[in-house]
A.B. asks: 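Let me give you the structure first, and then I'll get to my questions.
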Amino acid sequence: MTPLDPETATFLIAGPVRIHPRVLRAMSTPSLNHRGEYFHGIVQEIRELLPVLFGTPGRQVVLSGSGTSGLEAVYSSLLRRGERTIAVTNGNFGERTDAICRRYCDTVTTVSAPWGAPLPVEKIREELEKGDVRALCVVYNETSVGLRNDLAQIVPAVKKAGALFLVDGISAVAGIPCPLQEWGVDALVAGSQKGLAAPAGLAMVHLSERAVGELRPATFYLDLAEHLKSLEKNDTPWTPAVPLFLALREALLLLKEEGLETRLARTHDLAVATRAAVAALGLTLFPDPAHASDTVTAVNNPPGLDDAAVRKALADRYDVLLQGGQGALKGKIFRIGHMGIASWADLLVTFAGLERILARAGRLPTPGVALTAIGTRMP
Ligand code: PLP
């Protein structure tokens with residue numbers, strides 16, 4: 001076996017995702033003065049391009065820090081001790097949201113559903129109707145279980161309650177539609193390493209005018225008001241992750257060239273084909289299939305086969321990298337990320353490899369079924 005070569009591997013984990021060579025090249029630049037004219041020009045371009053990412057203009061910032069920095073910036077600035085927050089959990093990142101909220105608010109009500117179950121809409125409505133809710137915090141796309149939370153269902157109740165609507169869109173933005181204005185979202189957090197296909201390490205945050213008016217930052221580094229103020233001058237309050245900003249600009253340009261709608265449609269088509277291929281192999285999805293995510297597919301591990309061994313065989317024999325489950329789902333599911341610049345070729349080699357592995361284990365119903373399921377869905 002040759003060791004896996006990251007330069008050529010088929011890289012389909014649930015983020016970070018593969019990065020386009022143009023974005024990689026953008027980072028190999030000599031050090032820049034982050035207070036100089038050239039870099040200010042880069043920041044200005046990023047500022048002008050961010051509406052392409054969020055699908056709408058608005059008050060938007062970039063933070064040097066992974067997606068979690070964006071979540072912490074939002075919750076620390078907008079939650080208040082003594083004022084009730086509802087945190088929704090139906091997967092690992094919902095639990096993460098709940099944990100962050102509890103750092104900044106002592107009156108958090110957790111509304112949960114089992115991991116992989118749909119959004120607990122009725123329970124959320126009930127909690128909102130009890131009144132006095134400052135904010136509702138929820139994950140849009142639950143990466144850990146490959147589930148898309150149907151936020152449209154709770155929008156009327158959130159609006160009626162007058163609560164701030166704070167959404168973790170880290171694995172949703174540039175992957176599934178995010179109608180921010182229509183839903184009245186007050187904060188949406190995106191991560192650089194998912195649908196945008198930039199390197200990991202940046203968080204982009206969209207804020208409503210109401211949210212901007214209510215910012216009361218409780219941390220120094222993640223003070224969103226400072227970031228907004230600096231950005232108006234094409235600047236950042238502290239030294240930014242300069243190479244990542246250069247990469248961000250290029251990834252945003254690529255997104256603009258492709259068009260957000262086209263990227264969302266392509267991501268959807270890849271997801272539909274992935275789910276069809278999974279079914280053709282006789283495998284099942286972990287989440288409720290009616291709510292399966294278009295950016296990450298979570299598959300129940302084939303009974304009797306060891307998840308780590310299957311993924312190791314995929315990597316060793318075919319240079320394909322998939323991801324396992326998190327927490328209690330370790331060894332029980334595997335996940336395929338198909339967002340960003342993932343391609344049909346990626347899916348074909350992945351499922352050809354899975355077919356061979358299942359065939360060797362005597363578990364393949366009919367050779368070629370998964371590849372046909374994909375091939376017949378190719379444009
Ligand atoms: N929320 C969701 C939905 C995620 O998918 C992730 C990362 O996978 C995070 C939060 C955490 O983001 P990061 O690891 O970039 O801090």
Side-chain angles (χ1 to χ4, degrees), residues 11-19 53-54 61-76 87-103 112-113 115-119 136-151 165-178 185 187-206 219 221-222 241 244 247-248 251 267 271 286-287 291-298 321-327 329-330 333-340 342:
F11 190 70
L12 294 183
I13 72 167
V17 302
R18 189 175 60 238
I19 302 171
L53 176 70
F54 287 109
V61 297
V62 182
L63 302 171
S64 293
S66 74
T68 309
S69 74
L71 298 175
E72 185 136 22
V74 167
Y75 303 144
S76 63
V88 183
T89 74
N90 55 353
N92 185 47
F93 291 107
E95 290 183 6
R96 180 89 52 89
T97 278
D98 188 67
I100 304 172
C101 288
R102 285 174 188 280
R103 291 279 169 110
S112 34
W115 283 30
L119 193 68
L136 181 117
C137 306
V138 64
V139 177
Y140 183 13
N141 190 75
E142 193 30 278
T143 325
S144 63
V145 291
L147 181 97
R148 176 190 203 268
N149 277 323
D150 189 358
L151 299 188
F165 194 15
L166 311 180
V167 179
D168 170 346
I170 289 174
S171 65
V173 173
I176 56 178
C178 302
V185 171
L188 182 75
V189 178
S192 50
Q193 78 275 32
K194 308 276 185 182
L196 181 59
L202 296 177
M204 283 68 66
V205 183
H206 171 97
T219 72
Y221 190 74
L222 299 172
L244 296 184
L248 173 64
T267 306
F286 175 75
H291 299 268
S293 158
D294 273 356
T295 57
V296 182
T297 296
L321 273 172
L322 302 186
Q323 200 163 21
Q326 293 178 302
L329 292 177
K330 206 171 160 91
I333 64 167
F334 65 90
R335 291 176 296 156
I336 307 171
H338 31 69
M339 58 193 128

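First listed ligand is number 1; within each ligand, the first listed atom is number 1.
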A.B. asks: Starting from atom 12 (O) of ligand 1, find the nearest protein heavy-atom neighbour and note its residue, name and distance.
C.D. replies: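 Of the protein heavy atoms, Thr68 OG1, 3.7 Å lies nearest.
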
A.B. asks: Identify the closest protein heavy atom to atom 7 (C) of ligand 1: which residue and atom is it, and at what distance?
C.D. replies: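 I find the closest protein heavy atom is Lys194 NZ, 3.4 Å.
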
A.B. asks: What's the shortest heavy-atom distance between Ala298 and Ile333, and which atoms?
C.D. replies: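 Nearest pair, atom of Ala298 first, then Ile333: CB-CD1, 4.0 Å.
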
A.B. asks: Is there a polar contact between ligand 1 and Ser66, counting only N or O atoms under 3.5 Å apart?
C.D. replies: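 Yes; the residue has a nitrogen or oxygen that sits under 3.5 Å from a nitrogen or oxygen of the ligand.
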
A.B. asks: Consider every N or O of Arg96 and every N or O of ligand 1, then say whether any pair is closer than 3.5 Å.
C.D. replies: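 So ligand 1 has no N or O lying under 3.5 Å from an N or O of Arg96.
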
A.B. asks: Can you sort out which atoms of ligand 1 are near Asn141, meaning under 4.0 Å from one of its heavy atoms?
C.D. replies: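 In order of number, 3 (C).
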
A.B. asks: Quick one: salt bridge (charged side-chain N to carboxylate O under 4.0 Å, His left out) partners of Arg96, sequence neighbours excluded?
C.D. replies: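 In terms of salt bridge (charged side-chain N to carboxylate O under 4.0 Å, His left out), with neighbours along the sequence ignored, Arg96 is linked to no residue.
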
A.B. asks: Can you name the one residue among Thr267, Thr297, Thr295 that meets side-chain hydrogen bond (donor to acceptor under 3.5 Å, both in side chains) with His338?
C.D. replies: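 So the option named by the test is Thr297.
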
A.B. asks: For the side-chain hydrogen bond (donor to acceptor under 3.5 Å, both in side chains) test, which of Gln326, Glu95, Glu142 pairs with Trp115?
C.D. replies: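 Of all the options given, the one that passes is Glu95.
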
A.B. asks: Are Gln193 and ligand 1 in contact, using a heavy-atom cut-off of under 4.0 Å?
C.D. replies: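 Gln193: in contact with ligand 1 (<4.0 Å).
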
A.B. asks: Of all the non-hydrogen atoms in the protein, which one sits nearest to atom 1 (N) of ligand 1, and at what distance?
C.D. replies: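 Residue, atom and distance for the closest contact: Asp168 OD2, 2.6 Å.
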
A.B. asks: Just jot down the ligand 1 atoms closer than 4.0 angstrom to any heavy atom of Val139, in number order.
C.D. replies: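 Those atoms are 3 (C).
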
A.B. asks: Flag the pair Asp150 / Pro118 as yes when at least one side-chain heavy-atom distance between them is below 4.5 Å, and no otherwise.
C.D. replies: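 No, side chains not in contact.
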
A.B. asks: For atom 5 (O) of ligand 1, what's the nearest protein heavy atom and its distance?
C.D. replies: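 Answer for atom 5 (O) of ligand 1: Thr143 OG1, 2.4 Å.
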
A.B. asks: Taking the side chain as C-beta and beyond, is there a heavy-atom pair between Phe165 and Val138 under 4.5 Å?
C.D. replies: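 In short, these two side chains touch, coming nearer than 4.5 Å.
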
A.B. asks: Which protein non-hydrogen atom lies closest to atom 6 (C) of ligand 1, naming both residue and atom, and how far is it?
C.D. replies: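 The closest one turns out to be Phe93 CE2, 3.3 Å.
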
A.B. asks: Closest heavy-atom contact between Thr97 and Cys137?
C.D. replies: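 For Thr97 versus Cys137, the nearest heavy atoms are CG2-CB, 3.8 Å.
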
A.B. asks: For Phe11 and Pro16, work out which heavy atoms get closest and say how close.
C.D. replies: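 Shortest heavy-atom contact: CE2-O, 3.1 Å.
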
A.B. asks: Is there a polar contact, in the sense of an N or O pair closer than 3.5 Å, between Leu71 and ligand 1?
C.D. replies: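 No - when backbone and side-chain N and O of Leu71 are compared with those of ligand 1, no distance drops under 3.5 Å.
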
